Q: 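First, the structure itself, so that you have it in front of you.
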Amino acid sequence: LLPFALVRTFGEFGVGTWWADKPKPVVLLAMGFIGLVFLSIEDIGVQIEEPFAILPLRNHHNWLLRDADSCKTMLEYELQSHVEATFRDPDQR
């Protein structure tokens, strides 16, 4: 809304100059530039707020899942071998 609020300020910018009776390109350029700046700031804010949406994290996610699965498999194997060793016949020890 700020670019539209500055129309009156920039509307009187050309009074007393050679372009006073011509269309006001300064108003359009100023509104476009200010709008571009505000949209750029908004985009930067979105990227700061949600940085993981723009990063390629699918490979890291798959790597972490494989690592968790391998840890789970090793833990199950260790627990199974511990249980078998605990309940083995005393003659086989």
Side-chain angles (χ1 to χ4, degrees):
L1 294 174
L2 182 62
F4 296 109
L6 294 175
V7 168
R8 186 180 307 162
T9 303
F10 285 110
E12 298 171 1
F13 183 73
V15 175
T17 61
W18 62 273
W19 69 74
D21 59 341
K22 297 185 178 31
K24 310 283 190 286
V26 174
V27 175
L28 294 175
L29 291 175
M31 286 175 55
F33 178 73
I34 292 171
L36 179 69
V37 168
F38 282 151
L39 289 174
S40 299
I41 291 172
E42 172 69 20
D43 188 45
I44 291 169
V46 167
Q47 290 181 6
I48 289 173
E49 180 182 330
E50 194 68 40
F52 299 112
I54 59 173
L55 296 175
L57 295 178
R58 181 62 60 194
N59 292 338
H60 297 289
H61 174 76
N62 291 336
W63 177 78
L64 286 173
L65 284 177
R66 280 194 313 260
D67 193 38
D69 286 339
S70 68
C71 287
K72 181 180 174 186
T73 304
M74 288 187 334
L75 179 65
E76 288 172 353
Y77 176 76
E78 289 295 323
L79 285 175
Q80 183 181 8
S81 63
H82 178 71
V83 167
E84 287 175 356
T86 303
F87 293 109
R88 190 176 298 157
D89 289 336
D91 298 336
Q92 294 179 355
R93 286 186 195 175

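Fair warning: this is a prediction, and the values are worked out from it, not measured in the lab.
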Q: Working to the nearest 0.5 angstrom, can you tell me the gap between I44 CD1 and S40 OG?
A: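 So the gap between those two atoms works out to 6.5 Å.
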Q: Is the shortest side-chain heavy-atom distance between K72 and E76 below 4.5 Å?
A: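 A side-chain contact under 4.5 Å exists here.
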Q: Output the distance between atom CG (L39) and atom CD1 (I34), rounded to the nearest 0.5 Å.
A: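 Going from the CG atom of L39 to the CD1 atom of I34 covers 12.0 Å.
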Q: So, taking the atom named CG in D43 and the one named CD1 in I48, what distance separates them when rounded to the nearest 0.5 Å?
A: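 Between D43 CG and I48 CD1, I get 10.0 Å after rounding to 0.5 Å.
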Q: Determine, using the 4.5 Å side-chain heavy-atom cutoff (strictly less than), whether F33 and I41 are members of one ILVMFWY cluster.
A: yes
Q: For V46, check side chain to side chain contact (heavy atoms under 4.5 Å, CB included) against everything at least two apart and list the hits.
A: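 For V46 the side chain to side chain contact (heavy atoms under 4.5 Å, CB included) partners, ignoring immediate neighbours, are E42.
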Q: Applying side chain to side chain contact (heavy atoms under 4.5 Å, CB included), name anything that partners N62, two or more places apart in sequence or on another chain.
A: R58, R66
